[in-house]
Undergrad: 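Structure incoming, see below.
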There are 2 protein chains.
Amino acid sequence: MAVDRRVARTRAALYDALVALILRKGYPAITVQDLLEEADVGRATFYAHFTSKEDLLARSLERVRDILAEAVSRTEGSWSIALFTHVAEFRPVYAALAGIAAGDVLRGAIRRVVAGFVAERLLPAPGIPAELQAQHVAGVFMTLLSWWLDRRPRLEPQAVDELFGRLLAGEVRLAF
Amino acid sequence: MAVDRRVARTRAALYDALVALILRKGYPAITVQDLLEEADVGRATFYAHFTSKEDLLARSLERVRDILAEAVSRTEGSWSIALFTHVAEFRPVYAALAGIAAGDVLRGAIRRVVAGFVAERLLPAPGIPAELQAQHVAGVFMTLLSWWLDRRPRLEPQAVDELFGRLLAGEVRLAF
DNA sequence: CACGATGCCGAACACGATGTTCGGTTATTG
DNA sequence: CAATAACCGAACATCGTGTTCGGCATCGTG
């Protein structure tokens, strides 16, 4: 037996409402009230499905992860350019999710998604703990993603991916 | 005329209360109520000095920035090892500030502080925008800092600084 | 297609946190 | 010592939260 249609409808309405409100006013400013009005759902109903707006966010991110994973597995080339390209398609949503303006709360969650991809594709470097390496690559990815969406939104995904390679390769140098 | 002693006392009490509460229960869970009780300050008094707990946090971070800047300028060696060493001294506070457990809200703010240091010390690499480079280095620093405080708290500052150099140098490689 | 189950509505409620106001008290400065 | 400035504390309106309940609709199944 499949999921009850009413359940599916309610949850979809709330997922959509969350995205719409994130775009409109940013995640931290969203209240459960807003979600109820936007999704046209009763208060009791909301709490029958989710325990809080954070819970709703967490489950939404599971969907994002699946979508990203699917986008990557469907592509021939490198995983990073697949991600950048996919992000470019849905730029407004991801800009709101990853950008500075929308708050830092979500970045950690998205970052964890990326770290998952990275962990499977590491060529271990001796003397650097594997977990740190995964975190490092995910961090560089997130930094670049934020910068791209915030400051250079017209850049092509290929160009961004090339920058990604150069940052990872250590082309940036400091004066000590 | 200097600052009124009562003003100084009140603000100091609130700064200390903020740190204490961050250590005890994490930043997001803190309420203004908690701060009032912890600092033993009247409600009206709090709002005479700060507009919200976010405001209090922002001003506290200005103090952190000054402390870090002073720690760096007082050191002979590289800025990064100065920062790592200083952080090691006040590990519990920074662990709560930068760690995953305390939430991601604060990381952006601390990151901005670090980015300030970095921007002045870049050796520009051709073809990579300077702002991205600064963000990149600050990002790598924050990633490493979080990993250190969360996962390897017993590591020596020098060892961490060495890892910092190797991450920046591009020793981490991926299979595409 | 009909019936029992399941999900939804909407209103009401207690609770806790916010940010403001005001009159009275205490500390500071010069 | 006197004027000034800061603090207290209590009260208040407002808002968001999370829960409860009875009545209504929609669903999947027999």
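By convention in this document, chain letters (A, B, ...) are assigned in the order of the sequence lines, proteins followed by strands, and residues within each chain are numbered from 1.
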Undergrad: Measure the distance from CD on A/E54 to C1' on D/dT17 and round it to the nearest whole Å.
TA: 11 Å
Undergrad: Is any side-chain N or O of B/R43 under 3.5 Å from a base N or O of D/dG9, one able to act as donor and the other as acceptor?
TA: no
Undergrad: How many whole angstroms separate atom CG of B/L14 from atom C1' of D/dC7?
TA: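 One finds 12 Å between C1' of D/dC7 and CG of B/L14, rounded.
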Undergrad: Heavy atoms under 4.0 Å, any strand shown: does B/D34 hit a base, just sugar-phosphate, or nothing?
TA: nothing
Undergrad: Side chain of A/Q33: nearest nucleotide among C/dT18, D/dG16, C/dT28?
TA: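 Output: D/dG16.
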Undergrad: Between B/D55 (CG) and C/dT18 (P), how many Å, whole number?
TA: 14 Å
Undergrad: When only distance counts, do a donor and an acceptor, one from the side chain of B/R6 and one from the base of C/dT28, lie under 3.5 Å apart?
TA: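 It does not, because no donor-acceptor pair links the side chain of B/R6 to the base of C/dT28 below 3.5 Å.
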Undergrad: Once you measure the plane-to-plane angle for A/F84 and A/F141, does it fall in the parallel (<30°), tilted (30-60°) or perpendicular (>60°) bin?
TA: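 Ring orientation, 0 to 90° scale: parallel.
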Undergrad: Hey, is A/D34 close enough to A/K25 for a salt bridge, meaning N to O under 4.0 Å?
TA: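 Answer for the salt bridge query: yes.
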Undergrad: Is there a donor and acceptor pair, one atom on the side chain of B/R5 and one on the base of C/dA27, closer than 3.5 Å?
TA: no
Undergrad: Report yes or no: do B/S52 and B/D55 form a side-chain donor-acceptor pair below 3.5 Å?
TA: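 No.
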Undergrad: Can you tell me the distance, in whole Å, between the CG atom of A/D40 and the P atom of C/dC8?
TA: 13 Å
Undergrad: For B/E37 and D/dA10, what is the distance between atoms CD and P respectively, to the nearest whole Å?
TA: 13 Å
Undergrad: Is any side-chain nitrogen or oxygen of B/H49 closer than 4.0 Å to OP1 or OP2 of D/dC7?
TA: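 True: B/H49 side-chain N/O within range (under 4.0 Å) of D/dC7 OP1/OP2.
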Undergrad: Return the nearest nucleotide to the side chain of B/T45; candidates are C/dT18, C/dC8, D/dC8.
TA: D/dC8
Undergrad: When you measure from the side-chain N and O atoms of A/S52 to the phosphate of D/dG18, is any distance below 4.0 Å, counting only OP1 and OP2?
TA: no
Undergrad: Between D/dC7, D/dG18, C/dG19, which nucleotide has the shortest distance from any of its atoms to the side chain of B/Y47?
TA: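 So the side chain of B/Y47 is nearest to C/dG19.
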Undergrad: Between D/dC27, D/dA6, C/dC8, which nucleotide gets closest to the side-chain atoms of A/D4?
TA: D/dC27
Undergrad: In this structure, how many angstroms lie between the P atom of C/dA17 and the CG atom of B/L36, rounded?
TA: 11 Å
Undergrad: Measuring to OP1 and OP2 of C/dG16, would you say a side-chain N or O of B/T31 lies under 4.0 angstrom away?
TA: no
Undergrad: If you only use heavy atoms from C-beta on, which nucleotide in C/dA11, C/dT21, C/dT18 is closest to the side chain of A/A44?
TA: C/dA11
Undergrad: Nearest whole Å is fine: how far is D/dA25 P from A/R9 CZ?
TA: 16 Å
Undergrad: How long is the line joining CG of B/L35 and P of C/dG19, in whole Å?
TA: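 After rounding, the gap between these two atoms is 12 Å.
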Undergrad: May I ask you to check if B/K53 and B/Y27 form a cation-pi contact, with NZ or CZ under 6.0 angstrom from the six-membered ring centre and within 45° of the axis?
TA: yes
Undergrad: Has A/W148 got a side-chain atom pairing as donor or acceptor with A/V160's backbone, closer than 3.5 angstrom?
TA: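 No: the side chain of A/W148 does not pair with the backbone of A/V160.
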Undergrad: Where do B/A13 and B/A39 come nearest, in terms of heavy atoms and distance?
TA: O-CB, 3.6 Å
Undergrad: Identify, between B/T51 and A/R11, the residue whose nearest nucleotide on DNA chain C lies closer to the 5' end.
TA: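 Counting from the 5' end, the first nearest nucleotide belongs to A/R11.
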Undergrad: Taking a pair as Watson-Crick or G-U wobble with both distances under 3.5 Å, which nucleotide is matched to D/dG30?
TA: C/dC1
